[in-house]
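All residue numbers in this chain count up from 1 along the given sequence. Just so it is clear, the model here is predicted, and its values are computed rather than measured.
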Amino acid sequence: RAELNGASAVGQLKARAVRSWTYLWSVWLFVMLVLVCALRVPFRISDSVSAVSMFLNTLTPKFYVALTGTSSLISGLILIFEWWYFRKYGTSFIEQVSVSHLRPLLGGVDNSSPTNSNTSNGDADSSRQSVSECKVWRNPLNLFRGAEYNRYTWVTGREPLTYYDMNLSAQDHQTFFTCDSDHLRPADAIMQKAWRERNPQARISAAHEALDLEDCATAYILLAEEEATTIVEAEKLFKQALKAGESCYRRSQQVQHHGAQHEAQHRRDTNVLVYIKRRLAMCSRKLGRTREAVKMMRDLMKEFPLLSMFNIHENLLESLLELQAYADVQAVLAKYDDISLPKSATICYTAALLKARAVSDKFSPEAASRRGLSPAEMNAVEAIHRAVEFNPHVPKYLLEMKSLILPPEHILKRGDSEAIAYAFFHLQHWKRVEGALNLLHCTWEGTFRMIPYPLEKGHLFYPYPICTETADRELLPVFHEVSVYPKKELPFFILFTAGLCSFTAMLALLTHQFPELMGVFAKAFLSTLFAPLNFIMEKVENILPSSLWHQLTRI
């Protein structure tokens with residue numbers, strides 16, 4: 001493989017050299033043809049220069065007005081096009097053309113060849129880059145709509161959830177809480193329509209209608225999520241849902257192997273039961289019964305070990321951090337912070353917090369700069385760099401450089417939405433560890449020096465996806481300023497075009513107001529500009545004999 005790579009590299013160098021020499025020979029032939037065509041007629045350089053001077057002296061002020069106005073118009077059109085192209089594609093059109101087409105002709109390095117990079121999991125980078133969409137995940141710690149999101153709306157008058165976010169939740173509810181056999185049970189048939197309703201009051205009315213027929217677990221879930229105004233009320237409704245859900249689960253478990261229809265119904269009842277138990281554990285956590293919540297989460301993970309897609313371990317990590325049971329947190333991380341498992345901000349930053357906890361209380365940047373970092377401090381800094389590389393938006397929220405909002409119901413991994421969801425629940429845990437935020441403040445920006453081109457190549461993870469900004473803008477409310485990484489700086493060509501447009505517009509205005517004066521200024525400027533060229537041409541004519549020019553004109 002190494003020999004093949006070396007052979008392909010040599011072949012690319014040869015092809016690039018051939019292209020470069022072909023380009024240079026073409027330019028040289030073009031210049032020679034121009035010289036031959038120009039020297040077919042006898043001339044003197046001084047006569048040509050005098051002709052140019054005479055032409056400039058005959059120009060009227062109207063010509064300068066038209067010239068500057070046209071230049072300003074053209075540069076303005078170029079600026080508008082460049083700005084539109086940059087807003088749509090994130091790069092300058094002129095820069096892209098020069099890099100893509102002119103640079104290879106001049107023998108530039110082709111950056112499109114794949115490079116080897118260390119990734120946190122075993123898949124190839126090319127397969128990841130082929131994924132055009134960013135996957136949106138259900139927020140493991142999402143709040144209750146009635147008891148938390150609606151209370152925020154009552155107080156501030158703002159909507160904390162976007163329509164796109166709520167639409168994703170409606171799709172999740174239809175996926176997990178409905179099946180094809182719902183028409184066999186009248187209450188489930190009503191709830192199947194309720195999950196599709198956009199109006200909250202219509203959903204709540206449908207849930208009450210379903211409960212009038214029979215005890216329906218999904219109806220209790222909807223009321224607990226959207227009608228209950230406090231966590232205590234939500235917990236009571238979830239306990240009622242648990243009774244109904246367990247009975248349905250036992251019935252479907254007995255007949256689950258009797259056909260595809262019974263399999264789908266059992267899968268739906270399993271999802272409902274897991275959801276109810278998880279939300280009951282979250283109610284206990286919010287009401288201060290953290291140990292009870294930890295026990296419920298552990299029991300749920302033991303009972304349904306295959307349902308890791310719900311990310312219940314992230315709820316468990318947050319509850320264990322609240323109890324300051326750091327040994328148990330480390331045990332959970334040892335199981336889920338694996339190279340073959342998908343990462344999250346909770347996994348990466350919790351691992352960084354545990355390593356920072358060992359050294360943060362005695363860490364001093366001045367002392368570290370004098371004596372260097374100890375092995376434990378180096379491990380903590382590397383863990384922070386790893387976490388920041390995975391999600392670079394989190395430190396600004398943990399360091400309170402940016403204000404927090406209520407987390408959305410769905411998050412985008414490595415995006416601003418995930419950073420908000422993590423910091424909203426874990427900021428208190430970082431504050432509880434003495435010196436942890438100070439260590440984070442001193443070290444997190446060093447990650448960006450390690451990864452100068454995050455969109456092209458990562459250090460420990462695959463390159464940072466460029467689609468996060470668009471997805472976060474749909475997930476987060478309009479009053480929140482979305483954090484963007486890497487920060488898009490205006491390309492040089494846009495700044496240059498803007499300056500050129502402003503300069504030519506000013507010249508056009510001055511020329512229109514003072515045509516005579518600007519004409520004199522233009523002539524003086526051009527004369528000064530061509531003065532060195534005139535001097536060189538005169539010296540060349542004095543050095544070279546006139547017979548040489550005569551012989552060249554006869555070629």
Side-chain angles (χ1 to χ4, degrees), residues 138-151 169 172-173 176-179 182 185-188 190-192 194-195 200-201 203-254 265-304 307 310-316 318-320 322-323 409 425:
R138 182 81 175 177
N139 184 5
L141 297 168
N142 64 307
L143 306 178
F144 295 85
R145 284 194 186 179
E148 292 171 310
Y149 286 120
N150 286 346
R151 295 174 70 87
S169 297
D172 293 340
H173 295 153
F176 293 114
F177 300 154
T178 62
C179 66
D182 284 343
R185 293 189 290 191
D188 289 337
I190 294 175
M191 289 307 301
Q192 190 175 37
W195 294 120
Q201 292 302 322
R203 292 196 296 270
I204 293 173
S205 300
H208 283 291
E209 183 181 352
L211 288 175
D212 291 338
L213 299 177
E214 60 176 332
D215 274 353
C216 180
T218 54
Y220 283 120
I221 290 175
L222 193 148
L223 295 179
E225 291 286 350
E226 300 194 27
E227 188 182 41
T229 57
T230 63
I231 301 297
V232 176
E233 295 178 9
E235 187 181 32
K236 291 179 180 178
L237 289 170
F238 273 121
K239 287 181 179 179
Q240 293 177 286
L242 180 62
K243 295 179 181 178
E246 285 179 339
S247 62
C248 290
Y249 175 76
R250 285 193 296 269
R251 287 197 301 267
S252 63
Q253 191 177 24
Q254 295 173 357
Q265 188 173 352
H266 176 68
R267 185 165 54 250
R268 190 274 309 270
D269 293 338
T270 302
N271 293 334
V272 170
L273 185 62
V274 171
Y275 185 89
I276 293 171
K277 290 186 175 182
R278 178 180 189 168
R279 295 303 263 179
L280 277 173
M282 294 178 67
C283 289
S284 298
R285 167 68 183 90
K286 292 176 184 292
L287 294 174
R289 304 193 303 269
T290 310
R291 295 188 182 278
E292 179 184 344
V294 168
K295 183 180 183 303
M296 295 173 68
M297 293 174 191
R298 290 187 184 278
D299 293 341
L300 183 59
M301 294 170 66
K302 291 179 181 179
E303 187 178 1
F304 302 98
L307 295 180
F310 291 105
N311 294 325
I312 304 174
H313 60 275
E314 297 196 10
N315 300 83
L316 179 60
E318 196 277 329
S319 299
L320 290 174
E322 177 65 22
L323 295 175
E409 292 184 342
F425 295 99

* To do: I would like to know whether K277 and E303 meet salt bridge (charged side-chain N to carboxylate O under 4.0 Å, His left out); could you show each step before the answer?
  => CA-CA 11 Å; K277 290 186 175 182; E303 187 178 1; 2.8 Å; yes
* Asked: Is the F304 ring parallel, tilted or perpendicular to the Y249 ring (thresholds 30°, 60°)?
  ->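 Aromatic pair F304/Y249 classed perpendicular.
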* To do: Using the six-membered ring wherever Trp is involved, compare the ring planes of Y275 and H173 and label them parallel, tilted or perpendicular (cut-offs 30° and 60°).
  =>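 Geometry flag for H173 against Y275: perpendicular rings.
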To the nearest 0.5 Å, tell me how far [X] [atom1] sits from [Y] [atom2].
X    : Y    : atom1 : atom2 : value
D269 : C179 : CG    : SG    : 7.0 Å
I190 : L213 : CD1   : CG    : 4.5 Å
L141 : M282 : CG    : CE    : 5.5 Å
Q265 : T270 : CD    : OG1   : 10.5 Å
L222 : H208 : CG    : NE2   : 9.0 Å

Please report the shortest heavy-atom distance between [X] and [Y], naming the atom on each side.
X    : Y    : value
P140 : N315 : O-ND2, 3.0 Å
F144 : C283 : CZ-SG, 3.6 Å
C248 : R185 : SG-NH1, 3.7 Å
L273 : G245 : CD1-C, 4.3 Å
I276 : A241 : CD1-O, 3.4 Å
T218 : D188 : OG1-OD1, 4.3 Å

Side-chain touch [X]/[Y], heavy atoms, less than 4.5 angstrom:
X    : Y    : result
I221 : R279 : no
K286 : L143 : yes
T229 : N150 : no
F176 : V272 : no
E209 : P186 : no
E227 : E233 : no

* Determine yes or no for a side-chain-to-main-chain donor-acceptor pair under 3.5 angstrom, with N271 supplying the side chain and F177 the backbone. =>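 Between the backbone of F177 and the side chain of N271 there is no qualifying donor-acceptor contact (under 3.5 Å).
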* G146 backbone acceptor or donor facing R151 side chain under 3.5 Å ->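 A pair under 3.5 Å: no.
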* Going by distance alone, is a donor N or O of one side chain under 3.5 Å from an acceptor N or O of the other, for N311 and R278? ->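 The criterion, which ignores hydrogens and geometry beyond distance, is not satisfied for R278 and N311.
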Between [X] and [Y], is there a side-chain N and carboxylate O pair less than 4.0 Å apart?
X    : Y    : value
E318 : R285 : yes
R145 : E225 : no
R138 : D172 : yes

* Asked: Run the side chain to side chain donor-acceptor pair (under 3.5 Å) check on S169 and E409 step by step: do they pass?
  -> CA-CA 7 Å; S169 297; E409 292 184 342; 2.4 Å; yes
* To do: Just do the side chain to side chain contact (heavy atoms under 4.5 Å, CB included) check on D215 and Y220 with the steps written out, would you?
  => CA-CA 8 Å; D215 274 353; Y220 283 120; 3.1 Å; yes
Donor-acceptor contacts under 3.5 Å from residues 289-301 side chains, at least two apart:
from: R289; atom 1: NE; to: E292; atom 2: OE1; distance (Å): 2.8
from: R289; atom 1: NH2; to: E235; atom 2: OE2; distance (Å): 2.2
from: R289; atom 1: NH2; to: S284; atom 2: OG; distance (Å): 3.3
from: K295; atom 1: NZ; to: D299; atom 2: OD2; distance (Å): 3.0

